[in-house]
Amino acid sequence: MVEALSQPNTSTEDVGEPKTEANWAGRLKTGVSGLDSMLSGGIPEGKQVLITGAPGVGKTLLSFQTLYNCAKSGIPSLYIALEEDTHDLLKNVQEAIPALSDVGDLMKTGMLNIKGQGTLSVFLTKGENASSTLDQMVSELDSIIKTTNPKVICIDSISLIKLLFQGEFEYRNALTHLAVDFRKSGITCLFISEMKSSDLSVLVFEQEYFIFDGIMALYESRGEKGRELHMEIVKMRGTKHSRLLAPYDITSNGFQILLKEV
Ligand SMILES: Nc1ncnc2c1ncn2[C@@H]1O[C@H](COP(=O)(O)OP(=O)(O)OP(=O)(O)O)[C@@H](O)[C@H]1O
Ligand SMILES: [Mg+2]
């Protein structure tokens, strides 16, 4: 079951435009069923990608599963959970996706590092002003990165970072700093953020989102059979990608893009 999770889905049927150009080199494979095909092989390495969606749509599970799959294939991964303790995060993801039962082993080998809420002092002792908070946050992240040496990072979520800053300018400046630092060091980063509404007809992306190389959005809507979930790759610099509004589901095997509507 776990093997299936860690293998990229190489089927290129029914997931949108990039059917013949899959390029598996230089890509960070998410290993999430259907997603790598939508990305023509995976997220281009070193890109800074926003994963956004309304509460409960699966942002954490999608990101965690991606880092888990990376760690399984020998790529050092770092998950920074600003809103949950490590223990609670693990309990939630393993309840939702029992196939992730060997997370503890990956953590022991150091391939998967998780820093939960309470482990980052910047969030406990807010700096005197926005600038010192930013400096403290960057230097703390720098030191975690130096000790864990990740190739991929997830920050769950940047919505919380926003609360640290008094003004929109300081917040956008902080995000830009982070994205630029990660980009320079070749680290692929998934930034999770909350979207205020899942209603596509009124969807407006926040201004700060334009600094990211890629945006993957998760939407929830009410259909005839109840809640319907769709994901969209809004943009991804450096690769051709599907522009489909792709239905997805969260099953005991994890996050899956549904290749065909049932
Ligand atoms: N045991 C389970 N079986 C099936 N689906 C589950 C299970 N546990 C959780 N889910 C689904 O996963 C969703 C939660 O996923 P996740 O925590 O990744 O969402 P999120 O977008 O990160 O939410 P938040 O905005 O609260 O951080 C739930 O709303 C539910 O639909
Ligand atoms: Mg979450």
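Throughout, residue positions are numbered sequentially from 1 according to the sequence presented. Remember, it's 1-based here, ligands and their atoms both numbered in the order they're listed.
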Nearest heavy atom to atom 22 (O) of ligand 1 wins, so pick from Val57, Thr60, Leu229. Thr60
Where ligand 1 meets Glu194 - atom numbers and elements under 4.0 angstrom, heavy-atom basis: 25 (O)
Counting backbone and side-chain atoms alike, does Thr60 have an N/O/S atom under 2.8 Å from the Mg ion (ligand 2)? yes
Give the numbers and elements of all ligand 1 atoms closer than 4.0 Å to a heavy atom of Ile250. 12 (O)
What atoms of ligand 1 come within less than 4.0 Å of a heavy atom belonging to Glu95? 1 (N)
closest protein heavy atom to atom 23 (O) of ligand 1 is Gly56 N, 2.9 Å
Short side-chain to backbone donor-acceptor contact, Ser40 and Thr239, under 3.5 Å: no
Could I get the full list of side chain to side chain contact (heavy atoms under 4.5 Å, CB included) partners for Ala71, not counting sequence neighbours? Ser77, Leu106, Met111, Leu112
Geometric N/O contact Arg227 with ligand 1, under 3.5 angstrom: yes
Please determine whether side chain to side chain donor-acceptor pair (under 3.5 Å) holds for the pair Glu83 and Ser157, giving the CA-CA distance in whole Å, both sets of side-chain angles, and the decisive distance to 0.1 Å. CA-CA 7 Å; Glu83 295 172 7; Ser157 74; 2.6 Å; yes
Please state which protein non-hydrogen atom is closest to atom 25 (O) of ligand 1 and give its distance, to 0.1 Å? Lys59 NZ, 2.8 Å
Measure the acute angle between the ring planes of Phe191 and Phe182, then classify it against the limits of 30° and 60° as parallel, tilted or perpendicular. tilted
Looking only at heavy atoms, which two atoms of Asp85 and Gln117 are closest? And how far apart? OD1-O, 3.1 Å
Going by the side chain to side chain contact (heavy atoms under 4.5 Å, CB included) test, name the single residue among Val93, Val32, Thr66 that passes it with Leu61. Val93
Heavy atoms from other residues, nucleotides or ligands near NZ of Lys235 exceed 12 (cutoff 6.0 Å): yes
If every non-hydrogen atom of Ile187 is compared with every non-hydrogen atom of Gln48, which pair is closest and at what distance? O-NE2, 2.9 Å
Do me a favour and list the nearest non-hydrogen protein atom to atom 18 (O) of ligand 1 with residue, atom name and distance? Leu61 N, 2.8 Å
What atoms in ligand 1 come closer than 4.0 Å to a heavy atom of Pro55? 25 (O)
How far is atom 2 (C) of ligand 1 from its nearest protein heavy atom, and which residue and atom is that? Ala96 CA, 3.6 Å
Could you tell me which atoms of ligand 1, counted from 1 in the order shown, lie closer than 4.0 angstrom to a heavy atom of Gly58? 15 (O), 16 (P), 18 (O), 19 (O), 20 (P), 21 (O)
